[in-house]
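Source: prediction; values computed, not measured.
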Amino acid sequence: MFRIAVMVSGNGTNLQTIINKIEEGYLKKAKIVVVISSNKKAYALQRAEKYGIPIEIKNRKDFDSMEEYDDALQKITNIYKVDFIVLAGFLSLLGEGLLDKYYNKIINIHPSLIPSFCGQGFYGIIPHRTAIEYGAKITGATVHFVWKEYDSGPIILQKSVEIMENDTPETLQERVMEEAEWQLLPKSNKTIYGRQT
Ligand code: GAR
């Protein structure tokens, strides 16, 4: 069984898809042992509580240094004996200690086709707004292993989504989630657990 920590900052629709796929038996080898949020008001926390999943709140701003923040996150992963970390809309940078300890055991979902519309500052609605402003005709989502630089690390899966003439950043964000993200994240989890057993 893979003991997963899901890290979130907001609504938690990607967390919900993982919960659903575990409940449905699609992700047979996974158990979410903790949800860690950077934001105490994140709706994702209510989703976790509804399923009795323990929650932890750790905001980078509450720590004097990256090292202290990194230590606090490592303590949580030790307490819950975490094997694998999923960044599901998590918007803070991770420290080197955690990244080294979980080398190629942390994955992230990003709302664009990396290497387009990614890197520092590209999160949430911003990749979608930038893609429309650029005049791109295709965008999508990417799941990748997390390395030290923003949105770097080997790509696991990608899915493209067409940008329509009348798309707004909001309509595009919604379609990228529905058509790409909510399928890619569970599928990537399954791919990885298959590889590692
Ligand atoms: C998702 O679109 C995810 O791809 C994005 O934040 C959203 C979270 O939604 N992540 C990033 O932008 C990371 N760079 P959710 O809280 O409903 O899962």
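The closest donor-acceptor contact from the side chain of Asn39 to the backbone of Ser9 lies under 3.5 Å. A donor-acceptor distance shorter than 3.5 angstrom exists from the side chain of Ser65 to the backbone of Glu68, with no hydrogens or angles considered. In terms of modelled atom types and a separation under 3.5 Å, the side chain of Arg3 and the main chain of Lys81 share a donor-acceptor contact.
Across all their heavy atoms, Ala30 and Ile4 have their closest contact at CB-CD1, 3.5 Å. Pairing each heavy atom of Lys105 with each of Asp83, the nearest pair is CD-O, 3.6 Å. Between Lys28 and Met1, the closest heavy-atom pair is O-CE, 3.7 Å.
Hydrophobic cluster membership differs between Val35 and Tyr102, with clusters built from Ile, Leu, Val, Met, Phe, Trp and Tyr side chains linked at under 4.5 angstrom. There is no path of hydrophobic side-chain contacts, each under 4.5 Å, that joins Leu184 to Ile106. Linking ILVMFWY residues whenever their side-chain heavy atoms come closer than 4.5 Å, directly or via other members, places Met7 and Met66 in the same cluster. Hydrophobic clustering (ILVMFWY, side-chain heavy atoms < 4.5 Å, transitive): Val8 and Val33 are in distinct clusters. If you chain together hydrophobic residues whose side chains sit under 4.5 Å apart, Ile156 and Phe2 fall into the same group.
Under the side-chain contact (heavy atoms from CB on, under 4.5 Å) criterion, Lys75 pairs with no residue, sequence neighbours left out. Taking the side chain to side chain donor-acceptor pair (under 3.5 Å) definition, one finds that Ser188 meets it with nothing, sequence neighbours left out. Every residue meeting the side chain to side chain donor-acceptor pair (under 3.5 Å) condition with Glu24, not counting sequence neighbours, appears here in chain and number order: Lys21. For Gln158, the side chain to side chain donor-acceptor pair (under 3.5 Å) partners are Thr142, not counting sequence neighbours. Legend: residues meeting side chain to side chain donor-acceptor pair (under 3.5 Å) with Thr17, ordered by chain and number and at least two apart, are absent.
Here the CD atom belonging to Glu23 is positioned 9.0 Å from the CD atom belonging to Gln16, to the nearest 0.5 angstrom. One distance of note links CG of Asn11 with CD of Gln46; it measures 10.0 Å at 0.5 Å rounding. In this structure, CG in Leu27 is found 11.5 Å from CD1 in Ile19, a value given to the nearest 0.5 Å. The structure places CG of Asn59 at 6.0 Å from OG of Ser38, a figure rounded to the nearest 0.5 Å. Interatomic distance, Tyr80 OH to Ile36 CD1, rounded to the nearest 0.5 Å: 8.5 Å. With rounding to the nearest 0.5 angstrom, the CD1 atom of Ile32 is 5.5 Å from the CG atom of Leu15.
Among pairs with a residue in residues 9-66, those fulfilling ring-ring contact (aromatic ring centres under 6.0 Å, His included) read Phe63-Tyr69, at least two apart in sequence or across chains. Note on residues 123-138: no pairs pass salt bridge (charged side-chain N to carboxylate O under 4.0 Å, His left out), not counting sequence neighbours. Residue pairs meeting the salt bridge (charged side-chain N to carboxylate O under 4.0 Å, His left out) criterion with at least one partner in residues 42-63, sequence neighbours excluded, do not occur; the list is empty.
The number of heavy atoms from other shown groups lying within 6.0 Å of NZ (Lys190) is above 12.
Looking at Val143 and Asn108, their side chains never come closer than 4.5 Å, going by heavy atoms from C-beta outward.
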Would you please test Glu181 and Val176 for side chain to side chain contact (heavy atoms under 4.5 Å, CB included) and show each step? CA-CA 6 Å; Glu181 295 192 36; Val176 167; 3.9 Å; yes

Does Ile53 form a side chain to side chain contact (heavy atoms under 4.5 Å, CB included) with Val34? I'd like the steps, not just the answer. CA-CA 6 Å; Ile53 303 168; Val34 61; 5.6 Å; no

Could you walk me through whether Ile192 and Phe145 pass side chain to side chain contact (heavy atoms under 4.5 Å, CB included), step by step? CA-CA 10 Å; Ile192 289 160; Phe145 288 109; 4.2 Å; yes

Test side chain to side chain contact (heavy atoms under 4.5 Å, CB included) applied to Leu157 and Leu185, step by step: CA-CA 9 Å; Leu157 290 175; Leu185 195 56; over 6 Å; no

Extract all donor-acceptor atom pairs below 3.5 Å that involve side chains of residues 160-170 and protein atoms in other chains or at least two apart in sequence.
{"unit_1": "Asp167", "atom_1": "OD1", "unit_2": "Thr171", "atom_2": "OG1", "d": "2.6"}
{"unit_1": "Asp167", "atom_1": "OD1", "unit_2": "Arg175", "atom_2": "NH1", "d": "2.8"}
{"unit_1": "Asp167", "atom_1": "OD2", "unit_2": "Met164", "atom_2": "N", "d": "2.9"}
{"unit_1": "Asp167", "atom_1": "OD2", "unit_2": "Arg175", "atom_2": "NH1", "d": "3.1"}
{"unit_1": "Asp167", "atom_1": "OD2", "unit_2": "Arg175", "atom_2": "NH2", "d": "3.0"}
{"unit_1": "Thr168", "atom_1": "OG1", "unit_2": "Glu170", "atom_2": "N", "d": "3.4"}
{"unit_1": "Thr168", "atom_1": "OG1", "unit_2": "Thr171", "atom_2": "N", "d": "3.1"}
{"unit_1": "Thr168", "atom_1": "OG1", "unit_2": "Thr171", "atom_2": "OG1", "d": "3.3"}

Residues 85-101, side-chain donor-acceptor partners within the protein, below 3.5 Å, at least two apart:
{"unit_1": "Asp100", "atom_1": "OD1", "unit_2": "Lys148", "atom_2": "NZ", "d": "3.1"}
{"unit_1": "Lys101", "atom_1": "NZ", "unit_2": "Asn78", "atom_2": "OD1", "d": "2.5"}

Using residues 109-127 as the side-chain source, report each donor-acceptor pair under 3.5 Å to any protein atom, sequence neighbours left out, with the distance given to one decimal.
{"unit_1": "His110", "atom_1": "NE2", "unit_2": "Ser112", "atom_2": "OG", "d": "3.2"}
{"unit_1": "His110", "atom_1": "NE2", "unit_2": "Phe117", "atom_2": "O", "d": "2.9"}
{"unit_1": "Ser112", "atom_1": "OG", "unit_2": "Ser116", "atom_2": "O", "d": "2.6"}
{"unit_1": "Ser112", "atom_1": "OG", "unit_2": "Phe117", "atom_2": "O", "d": "3.0"}

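Applying the under-4.5 Å side-chain rule to Ile, Leu, Val, Met, Phe, Trp and Tyr, the cluster around Trp182 extends to Met177.
Taking the six-membered ring for Trp and thresholds of 30 and 60 degrees, Tyr193 and Phe84 have ring planes more than 60 degrees apart, a perpendicular arrangement.
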